[in-house]
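Below is one structure, written out as structure tokens, with a few remarks after it.
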Amino acid sequence: MDRVRSVLALCAATVLAVPGITALSSAARAADADLARNGGFEAGLDGWTCTAGSVVNSPVRSGGSALKATPAGSDNARCAQTVTVKPDSQYTLAGYVRGDYAYLGASGTGTTDVSAWTQSAPDWQRLTTTFRTGASTTKVTIYTHGWYGTGAYHADDISLVGPGVDAGQPPAAPTTPTVGTVTSTSVALSWPSVPGATGYSIHRNNTKIQSASGTSATVSGLSPSTAYSFQITAVNEAGESAKSPAVTATTTSGPGGGDPADLPAHALVGYLHASFANGAGYKRMADVPDSWEVIDLAFGEPTSTTSGDIRFDRCPATECPNVESDAEFKAAIKAKQAAGKKVLISIGGQNGQVQLTTTAARDTFVTSVSKIIDTYGLDGLDIDFEGHSLSLNADDTDFKNPKTPVIVNLISAVKSLKAKYGDDFVLTMAPETFFVQLGYQYYGTGKWGGQDPRAGAYLPVIHALRDDLTLLHVQDYNSGPIMGLDNQYHSMGGADFHIAMTDMLLTGFPVAGDANNVFPPLRPDQIAIGMPATTNAGNGHVPSSETNKALDCLTKKTNCGSYTTHGTWPALRGLMTWSINWDRFGGWEFSKNFDGYFG
């Protein structure tokens, strides 16, 4: 919390060597064909997967369209497609580029992967290279990209010429799927097999969410008492079929895990500076207005980074002259709880790096946090791990099955606390966008290494604890640009950022772009949007009018602006802010607006 951090550069790569430049031979065999799909980008990005690309009408090398892609500090703006090829065959890759540091290459060749590049092309420049496929190679990925943090590049008329492969026809569309067992968070589906299909894709509300090798699947991570539409497509080497007729299923009722029955339908969450004053000044617990339904005491911090020994020290009188006594503080907590409020200890913050590297540290964490909860009679725990607290080992690539000790031990510790205190234990988390939504693009060090190992590192923790999680309130502030589900970058400063970031949590997303590894959506009652209370509290503050636009779009699908959400969630729990103290400093504008919006 209260930290300025831009998204760090994720990919550290070595500049590729320039391969030999080879022109297309005039002796190309008659069987040769151009295998690149939509190489001129006349059909938009059809066939291409791009991290930061769009189609433009000018400049173009031929036709009416070309690719424009803009690298960022953490992204080289790669556009790629996978092409079916013949084993042990010669291919020529060519294309036209303009701009600084433009690359054209092929990977997965089975022999030597190749690329060509130019440092500067003020006008269209042709790049070309050749390769031979390996003895068992049937697919090759062709790509173009720029370089991190440099200007935009353009590409057009990309071709891959060589022996063609008859992939046949895509399968027929499956018939209407059958709904099986339905719970409050999952729906089981089955469908008849389709001749010629090698797999199937499941679409929820017109969005592809997962793949299946057989003729059944269970879609999980759904919200209780919510209607969903499902369709199935069949796939094979030639492509994907049309969608099946839709079937609708409504999940059963029930609050689900981690949802105390006495938490209001719409709640305002705030951090109270209980161990320090900051520029906002100290605020007594007894004087916190009734607007705040969840009060997070900031902060419990470790005695050392890896000790797991968490201590909570009240603000000293030398820093907070108006600090109440411990007895008054405890009495005020009880009074808040009697009024239906939840009071939690928040662990971490900007200065509280916590790394549970050993099981001993894990056990110490459980013991020391329990002591704080028992001493002050608190309702639960808020995890606000920042900085280098969570980081993924290089071999930890599956968020559903984490291996990294600091991740595994944190999950185990929280589960122990939940088991100790029971179903009414309130568990919240306040990660930064770097650790959650950035996982849509990058997860840990990545397949080829070199990425920041902290990227997406909260995802395994959230996923493992989703049934125990009361609220996730990602800090939508102090953040660099983050790519949304529309494959566009979104930046702080307006409703659009909050809408796009929250839509990702409520829709789910493929981790690191892998459609077979989808982070399931959370329930809307588990989500609060994190915002700074004032311009003094953190970068990314927005006026109340923008806050209300974000709430309108997510809960009513009005005032949505340019970003199109994947649903409407009237059960969205509410807002979180850093902090109660800063809101007082700002004349209580944030909390008054919340009260006015939700009545």
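Everything numeric in this text was worked out from a predicted model, so none of it was measured. Counting from 1, the numbers follow the sequence of the chain as shown.
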Where the side chain of T137 meets the backbone of K139, is there a donor-acceptor pair that is under 3.5 Å apart?
no

inquiry  = With side chain to side chain donor-acceptor pair (under 3.5 Å) as the criterion, how do S62 and D157 come out once you've worked through the C-alpha distance, each side chain's angles and the decisive distance to 0.1 Å?
reply    = CA-CA 7 Å; S62 68; D157 297 334; 2.6 Å; yes

| Is the gap between the ring centers of H490 and Y563 under 6.0 Å? | yes

Report the C-alpha separation of I142 and Q81 in whole Å, then their side-chain angles, then the decisive distance to 0.1 Å, and conclude whether the side chain to side chain contact (heavy atoms under 4.5 Å, CB included) test is met.
CA-CA 6 Å; I142 61 174; Q81 68 170 267; 3.7 Å; yes

Practice prompt. Go through the side-chain N and O atoms of D75 and Y442 and say whether any donor and acceptor fall under 3.5 Å apart.
Written response: yes

Exercise. Parallel, tilted or perpendicular for W117 and Y101, by the 30°/60° rule?
Worked result: parallel

Sorted by chain and number, sequence neighbours left out, ring pair (Phe, Tyr, Trp, His ring centres under 6.0 Å) with Y153 holds for none

query = Relative to each other, are the rings of Y443 and F399 parallel, tilted or perpendicular (30° and 60° limits)?
reply = perpendicular

So salt bridge (Lys or Arg N to Asp or Glu O under 4.0 Å) across residues 89-98, not counting sequence neighbours, yields R98-D123

message = Set out, in order, the CA-CA distance, both residues' side-chain angles and the distance that settles salt bridge (charged side-chain N to carboxylate O under 4.0 Å, His left out) for K400 and D398, then state yes or no.
response = CA-CA 5 Å; K400 297 177 182 176; D398 181 5; over 6 Å; no

Taking every heavy atom of N236 against every heavy atom of T198, the minimum-distance pair comes out as CA-OG1, 3.3 Å

Run S244 and T176 through side chain to side chain donor-acceptor pair (under 3.5 Å) and show every step you take. CA-CA 6 Å; S244 71; T176 306; over 6 Å; no

Closest non-hydrogen atoms of L127 and L104, given as atom of the first, atom of the second and distance, are O-CD2, 3.7 Å

Q | From CA spacing to verdict: side chain to side chain contact (heavy atoms under 4.5 Å, CB included), V114, Y91 | A | CA-CA 11 Å; V114 297; Y91 289 89; over 6 Å; no

T565 side chain to K557 side chain, donor-acceptor N/O pair below 3.5 angstrom:
yes

Any side-chain donor near an acceptor of the partner, S216 and S190, under 3.5 Å
no

Residues 112-151 vs disulfide bond (SG atoms under 2.5 Å apart), sequence neighbours excluded, gives none

Side chain to side chain contact (heavy atoms under 4.5 Å, CB included) with Y228: of V179, V219, T251, only one passes, and it is T251

- Query: Going by atom types alone, do S229 and N205 pair a side-chain donor with an acceptor below 3.5 Å?
  - Reply: no

Check the pair T133, V140 against side chain to side chain contact (heavy atoms under 4.5 Å, CB included), reporting the backbone distance first and the verdict last. CA-CA 8 Å; T133 54; V140 168; 4.2 Å; yes

#### Entry: Worked verdict on T233 versus E240 for side chain to side chain donor-acceptor pair (under 3.5 Å)
CA-CA 7 Å; T233 56; E240 185 173 12; 2.4 Å; yes

- prompt: Are W124 and H154 close enough that some pair of their side-chain heavy atoms sits under 4.5 Å apart?
  reply: yes

Checklist entry - What do the steps show when you test S107 against D113 for side chain to side chain contact (heavy atoms under 4.5 Å, CB included), and what is the final call? => result CA-CA 5 Å; S107 61; D113 292 348; 3.7 Å; yes

Legend entry - Criterion side chain to side chain donor-acceptor pair (under 3.5 Å) on Q441 and Y489, from CA distance to verdict: CA-CA 11 Å; Q441 278 187 283; Y489 283 96; 3.1 Å; yes

Q) Looking just at side-chain N and O atoms, do S211 and N516 make a donor-acceptor pair shorter than 3.5 Å? A) yes

Exercise. Give the ring-plane orientation class for Y143 versus H145, where under 30° counts as parallel, over 60° as perpendicular and anything between as tilted.
Key: parallel

